[in-house]
Protein chains: 2
Amino acid sequence: MTNGDEPKDKRLKAGDAQKLTMAEVAKYVGVSAMTVSRAFRQDASVSEETRKRIMEAVDALGYVLDLSAGSLSSRRSGFIAALVPSINNSNFSDTARGITDALENTGLQLLLGYTDYSAEKEEKLIEAMLRRRPEGIILTGGSHTDRARRMLDKAGIPVVETWEIPEEPINHVVGFSNGEAMSLLVRTLASQGYRRFGYIGGTTARDTRGSQRRSGFLKTVEELGLGPGRAISFGVPPITMEQGGQAVVSLLERWPDTEVVLCVSDLSAFGAIMECKRRGMSVPGDIAIAGFGDYEISSICHPSITTINVDCYGIGRQAAARLLDALQGSGEATGDEITLTGYRVVLRESTDRGGAA
Amino acid sequence: MTNGDEPKDKRLKAGDAQKLTMAEVAKYVGVSAMTVSRAFRQDASVSEETRKRIMEAVDALGYVLDLSAGSLSSRRSGFIAALVPSINNSNFSDTARGITDALENTGLQLLLGYTDYSAEKEEKLIEAMLRRRPEGIILTGGSHTDRARRMLDKAGIPVVETWEIPEEPINHVVGFSNGEAMSLLVRTLASQGYRRFGYIGGTTARDTRGSQRRSGFLKTVEELGLGPGRAISFGVPPITMEQGGQAVVSLLERWPDTEVVLCVSDLSAFGAIMECKRRGMSVPGDIAIAGFGDYEISSICHPSITTINVDCYGIGRQAAARLLDALQGSGEATGDEITLTGYRVVLRESTDRGGAA
DNA sequence: GGGCAGAATGATATCGATAACACTAGGGAG
DNA sequence: CTCCCTAGTGTTATCGATATCATTCTGCCC
């Protein structure tokens, strides 16, 4: 056992006896590594017989393809990067799922990052992603740091900005105007007779979609001649349910005769409604409340919540589809496009004029 | 323009003039590529002066490190893989965030996949992940296909299973007993005088945590001598708010005198409560309802929802920490460990015996 | 029967970084 | 004054797959 002729295998850590390469599979089968490589792709010309033998060997040996080596020589990483502000309890998780689903069976893998609504963090993440040489990248929103824009330009890969219509798009866009969507909600409710509008949102600095919704609100209230809008800023985005509750209290303290409160998201609207009920107010009897995003909670909640339905999942799918187009047809007809996604007002109990809760 | 001596640059796609390598940065600065490589790492010995010049050049040229090349030669991919059942509206998004946060500043990047509660999909994802040669992998739950287990064994990387206590752990575990947690909730409510218990969950086949909660419920109700538990299965996991509402209706049709209904998650509990209110029943006056998971919604909802608080975020952080430990101290003291995470009953209005809504 | 197309496979260079070792210059210890 | 050590840097081989070109073999056509 302790013969002097033992090889010095000190480098081998416990249990890493598995550095199995394509070459060893090849040797085992009696073909060249190149043939094994071909067998892993469906288009390559390998005889059915050989492919079968190779795949049996792969199974027997437990070989797993090493894409990091492959992507180096093929110069295709097989990655798509996507950055979303947050993944918790938000519309963006649906978008992420849409991207994931659209990427299925394309051989592309999603690299997901959370920017936490910060352009600086986004910049860092963009750099981290680009180090993996993704073949395309999907961003949320249109405001990026200068350095981020420069890196993206240099990268020479298709970029899709989502969830907004940036003033200066980098490349492709899949989104909608948050301001106009909110404006539509204001007009719809105004046409039902509501006059004294309040608004609840986060502090605007970081969440550009939130601030677009707010501006859309303020502008439209003004245009309709309904006096200055009553807007409350509460907490850093994403504003929580609890903050929605706190905000509605502040708002009603300051402007007690408010008739309807629009919220930057359904979550804050839900928090506001629950807080009102807790304080014995009836929704929509004493106060009407609406949200944004059409989360599941809004159709289930009692009272159900009026909101704007946005095709979150579709944004993800379409963004990914745009990217795949750009990757396939690269070379021609890759004109940067803006894909507008739909939204619609969903009227529910929480703003029902005849209603009581 | 159409001279015969034009180089045939058909291979060059529009805008990929950016194949900048470390060697070119090196030439630009007048050092070797190796020195540039060193400059990118903090520990390497490069003079401050040289590093500064290199970084300026990197900035000027817009060079971005290529990790896929680096990981091939260093044999460290810099990836950690994590698989969760779903990311939408679920506790797992918090776990994913915990992992992400724990990985910050470690130079490791998260590869996230969604198994959709399917062991087959998990198997496929495990293979896809292993092709990227992750340095460790975090799974949800303890049931995997045989092939998945074999691949994980062969991979020779640390594995952390989370959210449960598997009977046969692969390696490390960070989780808790879902059955015991549910049992605790039953006992707590029984001690408050509740006798006729109902249960709402999804069809059990795929969601092992869900079925553990169900068994915990049934077993404990039995043990307490409270007759056979009244359990409803409704829909494939993850059960939605809406399904929670439908399920509570079925349950009450079948067993109208049920006093308290425990739900597999807070989301279904919320749906159940809202449906009850919609039908004019008072919660907890006419029926008490409890959930599992302590989602934000449960503390905000009116009535607030009794539930089991689970440290979702902490599970993610600890799983990642366990992995980092295993990667650092690789070679010694890597005994597989089971890390138990805490849970506690949170009593709220929805099961308040004196209460009305 | 010669030649040629096409399928199947192999040999070699290469992708872009890093590991491992070699080397140089300068400074402190003896 | 020599030796040795260390910090800083360069050289070369290498990671494991794939692009590319070369090669072999078969069969078919004129």
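Every chain is numbered from 1, with letters handed out A, B, ... down the list of sequences. Predicted model only: the values in this text are computed from it and were never measured.
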List, with names and distances, any nitrogen or oxygen atoms from the protein found under 3.5 Å away from nitrogen or oxygen atoms belonging to nucleotides 4-7 of chain C.
none

Quick one: [atom1] on [X] to [atom2] on [Y], what's the gap to the nearest 0.5 Å?
{"X": "A:Thr95", "Y": "A:Arg317", "atom1": "OG1", "atom2": "CZ", "value": "12.5 Å"}
{"X": "B:Asn171", "Y": "B:Leu139", "atom1": "CG", "atom2": "CG", "value": "10.0 Å"}
{"X": "A:Tyr63", "Y": "A:Thr21", "atom1": "OH", "atom2": "OG1", "value": "7.0 Å"}
{"X": "B:Gln318", "Y": "B:Ile99", "atom1": "CD", "atom2": "CD1", "value": "12.0 Å"}
{"X": "A:Ile87", "Y": "B:Asn88", "atom1": "CD1", "atom2": "CG", "value": "7.5 Å"}
{"X": "B:Arg97", "Y": "A:Ser86", "atom1": "CZ", "atom2": "OG", "value": "8.5 Å"}

Selected nucleotide, minimal atom distance to A:Arg41 side chain, candidates C:dA20, D:dA19, C:dA17: D:dA19
Salt bridge (Lys or Arg N to Asp or Glu O under 4.0 Å) contacts touching residues 98-125 of chain A (sequence neighbours left out): A:Glu123-A:Arg147
Interface residues of residues 46-62 of chain A with DNA chain C (non-hydrogen, below 4.0 angstrom): A:Val46, A:Ser47, A:Thr50
Contact list for DNA chain D against residues 27-35 of chain B - heavy-atom distance below 4.0 Å: B:Val31, B:Ser32, B:Met34, B:Thr35
Residues A:Ser118 and A:Thr115: side-chain donor-acceptor under 3.5 angstrom: no
Could you list the protein-to-nucleotides 13-16 of chain C atom pairs, N/O on both sides, closer than 3.5 Å?
from	atom 1	to	atom 2	distance (Å)
C:dC15	O3'	A:Arg75	NH1	3.2
C:dC15	O2	A:Ser73	N	3.2
C:dG16	OP1	A:Arg75	NH1	3.1
C:dG16	OP1	A:Arg75	NH2	2.7
C:dG16	N2	B:Ala69	O	3.2

Show me the donor-acceptor pairs within less than 3.5 Å that the side chains of residues 105-112 of chain B make with the rest of the protein, sequence neighbours left out.
from	atom 1	to	atom 2	distance (Å)
B:Thr106	OG1	B:Leu103	O	2.5
B:Thr106	OG1	B:Leu108	N	3.1
B:Gln109	OE1	A:Arg132	NE	3.1

Parallel, tilted or perpendicular: ring planes of B:Phe92 versus B:Tyr117, cut at 30 and 60 degrees: perpendicular
B:Asp153 bridged to B:Arg150 by N-O distance under 4.0 Å: no
Ionic contact status for B:Asp325 with B:Arg322, cut-off 4.0 Å: yes
